[in-house]
Amino acid sequence: MKTADVAIIGGGLIGASVAFELAGQKLRVTVFDCRQPGREASWAAAGMLSPAPDSPRDLRLVPLSRESLRLYPEFVAAIEEASGQTVGYAREGTLELFSAPCAEADRDKRVAECRPSGLAVETITLDVARHWEKAIGPAARAAAWFPEEGTVEPRALMSAVLAAAQNRGVEFRSDCTVEGLTREHGRCTGVVADGEEISAAQVIVAAGCFSSTIATGSELLSRYAPTRPVRGQMMALKPDGASLRRVLRSERGYLVPRRDGRIVAGSTSEEAGFERRVTPEGMRKIFDAALELFPALAGAEVLETWAGLRPGTPDDLPILGPTDIEGLVIATGHYRNGILLAPVTAKLVGEWIAQGRTTIDATPFSPLRFAHQKPLARTAD
Ligand SMILES: Cc1cc2nc3c(=O)[nH]c(=O)nc-3n(C[C@H](O)[C@H](O)[C@H](O)COP(=O)(O)OP(=O)(O)OC[C@H]3O[C@@H](n4cnc5c(N)ncnc54)[C@H](O)[C@@H]3O)c2cc1C
């Protein structure tokens, strides 16, 4: 039987970043991916590195997000050095624009919501915002500035993390589906992948929105990782003349600049099952938001459209940590923030595996918060 110290299910940004970290601890790591690694949500993302909450409910995630943003420069440096590739990391900040009749009140409420959790955010005048980004549209009536936010190019980052992990000796098994986990005397002892058993001292589930569909034996992993797909549609535009340096964001959508002048526009948030495709309605929503933020894009060339499946969870928080099955660790459910949260996730999993405890309190994200619930489904056996 083949053996590894660590078997990781899923070669997206989370699985590959964890693999890179663990290979740095001299562990023998094998990553299984049922497709080519890095072609799911991590490939589809916009690449904003924003710890700002989408809603008051998301304030619980801010400390973890801020820590990951703090780790980003050293994460990028390590990946770029180990891979010899660049990842398009930039720290130009984000302008959030408000257009409702009560825009200034909305902006002030948003700033007041963000500041207590330590986020850097300032109110700025529209004159200043338009001085920085000349093409901001007339619909904007108020602006807030998040100076510390950054961006990265997810496909470049994904490619670099895969190369960096490989250069550290990680084995990637592509087109290899993990069908289930093996268990002995209550502990997890490995995986079954394409019918073959591979034994591993630690198994890490990092299969994004698909995590809940993997069998642990007689039940599905949904007991620990009740993930679901939340579709997001995207498009890439080539502006004719206009340019953008900072991320522009509103309630309706966002625009993210790329190094080569392209602008990525997003997104939708849809409960559409595992259907990874774009729709006319989704595209209309993105066009409307993009043109409101930046009307000069009206004549832009549409270079590409795509959709990806975010790994959503019942409480919108990631699922991170050991389970009550020895040898089974979960690192999934990063929903809208998996690109931002990759460095801190790799660090936490590295600490759990090496020391059995973490330097940051990760209890709010424990997979055990769902474990008292009954399994949602059973496998045929
Ligand atoms: C449109 C869109 C925009 C986004 N924008 C941002 C953003 O700006 N900033 C941000 O921080 N986050 C963003 N996200 C979220 C981010 O992309 C995800 O949270 C992150 O990519 C999740 O990474 P992952 O590795 O967990 O999952 P994935 O990238 O989905 O990887 C999971 C992997 O597991 C593999 N797999 C599944 N089942 C099995 C199995 N049984 N056996 C073996 N392999 C399996 C899959 O093939 C896949 O490669 C966005 C997401 C979308 C869709």
Side-chain angles (χ1 to χ4, degrees), residues 7-19 30-52 54 61 65 68-69 72 94 149-155 157-158 161-162 172-181 191-194 203-215 220-221 225 227 229-235 247 249 253-254 256 264-270 272 274 276 278 282 286 305-313 316 318-320 330-346:
I8 299 180
I9 311 172
L13 186 63
I14 298 301
S17 302
V18 168
T30 304
V31 178
F32 298 85
D33 202 292
C34 55
R35 301 178 71 199
Q36 289 298 304
R39 296 287 301 178
E40 284 287 351
S42 304
W43 175 89
M48 290 175 289
L49 305 176
S50 168
D54 286 326
L61 189 58
S65 301
S68 208
L69 187 63
Y72 237 90
T94 295
E149 293 196 0
T151 52
V152 70
E153 302 200 5
R155 295 179 195 176
L157 177 64
M158 197 60 248
V161 174
L162 291 171
F172 284 90
R173 306 235 338 228
S174 305
D175 302 314
C176 186
T177 303
V178 172
E179 292 129 7
L181 311 181
V191 299
V192 181
D194 282 353
V203 173
I204 295 164
V205 178
C209 69
F210 309 93
S211 299
S212 57
T213 67
I214 297 166
L220 295 184
L221 262 176
T227 51
V230 181
R231 185 167 71 191
Q233 302 185 38
M234 298 285 297
M235 70 174 70
V247 171
R249 184 166 70 207
Y254 52 74
V256 183
V264 172
S267 178
T268 59
S269 191
E270 304 160 80
F274 289 95
R276 201 191 311 99
V278 297
I286 296 172
T305 60
W306 68 92
L309 303 176
R310 304 179 187 93
T313 64
D316 295 346
I319 308 172
L320 305 173
I330 312 288
T332 191
H334 293 77
Y335 192 34
R336 309 176 73 102
N337 298 296
I339 307 300
L340 169 64
L341 294 174
V344 80
T345 302

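Numbering starts at 1 and runs along the sequence shown. Just so we're clear, the structure is a prediction, and the values are computed from it rather than from any experiment. First listed ligand is number 1; within each ligand, the first listed atom is number 1.
- Around atom 3 (C) of ligand 1, the closest heavy atom drawn from Ser42, Ala45, Pro51 belongs to Ala45.
- The shortest N or O to N or O distance between Gly232 and ligand 1 is not below 3.5 Å.
- Under 4.0 Å from ligand 1, not a single heavy atom of Thr213 appears.
- For the pair Arg155 and Trp306, the cation-pi test (distance below 6.0 Å, angle within 45°) is passed.
- Residue Met234 has at least one heavy-atom neighbour below 4.0 Å for each of these atoms of ligand 1: 1 (C).
- Among all non-hydrogen protein atoms, the one lying nearest atom 35 (C) of ligand 1 is Asp33 OD2, 3.4 Å.
- Residue contact check: Phe32 has heavy atoms under 4.0 Å from atoms 43 (C), 44 (N) of ligand 1.
- Remark: Arg35 does not engage Asp175 in a salt bridge, criterion side-chain N to carboxylate O under 4.0 Å.
- For Arg231, the salt bridge (charged side-chain N to carboxylate O under 4.0 Å, His left out) test picks out Glu270, with sequence neighbours left out.
- Under a 4.0 Å criterion applied to the non-hydrogen atoms of Gly308, ligand 1 contributes the atoms 53 (C).
- Legend: residues meeting salt bridge (charged side-chain N to carboxylate O under 4.0 Å, His left out) with Asp194, ordered by chain and number and at least two apart, are absent.
- Remark: minimum distance from atom 31 (O) of ligand 1 to any protein heavy atom is reached at Gly12 CA, 3.4 Å.
- Within the 4.5 Å cutoff, the side chain of Arg249 has heavy atoms near those of the Ser50 side chain.
- For Leu13, every heavy-atom contact with ligand 1 shorter than 4.0 Å involves the backbone, none the side chain.
- A heavy-atom distance below 4.5 Å is found between the side chains of Asn337 and Leu61.
- Counting heavy atoms closer than 4.0 Å to ligand 1, residue His334 contributes atoms from both its backbone and its side chain.
- Ligand 1 has no nitrogen or oxygen under 3.5 angstrom from a nitrogen or oxygen of Ala44.
- What sits closest to atom 26 (O) of ligand 1 on the protein, heavy atoms only, is Ile14 CG1, 3.4 Å.
- Looking only at protein heavy atoms, the nearest one to atom 41 (N) of ligand 1 is Val178 O, 3.0 Å.
- Only the side chain of Ile214 comes within 4.0 Å of ligand 1, counting heavy atoms alone; its backbone N, CA, C and O stay farther away.
- Counting protein heavy atoms only, atom 5 (N) of ligand 1 is closest to Ala46 N, 3.1 Å.
- For the pair Leu341 and ligand 1, the shortest N or O to N or O distance does not fall below 3.5 Å.
- Ligand-side atoms of ligand 1 in range of Thr177: 41 (N), 42 (N), range being under 4.0 angstrom from any heavy atom.
- Within the 4.0 Å heavy-atom criterion, the part of Pro311 lying near ligand 1 is the side chain and not the backbone.
- Contacts with ligand 1 closer than 4.0 Å are made by backbone heavy atoms (N, CA, C, O) of Arg336 only, the side chain lying farther away.
- For atom 9 (N) of ligand 1, the closest non-hydrogen atom on the protein side is Met48 O, 2.9 Å.
- Here the protein heavy atom with the shortest distance to atom 18 (C) of ligand 1 is Tyr335 O, 3.6 Å.
- Closest to atom 43 (C) of ligand 1 among all protein heavy atoms lies Cys34 N, 3.3 Å.
- Note: Phe210 and Phe274 meet the aromatic proximity criterion, with ring centroids under 6.0 Å apart.
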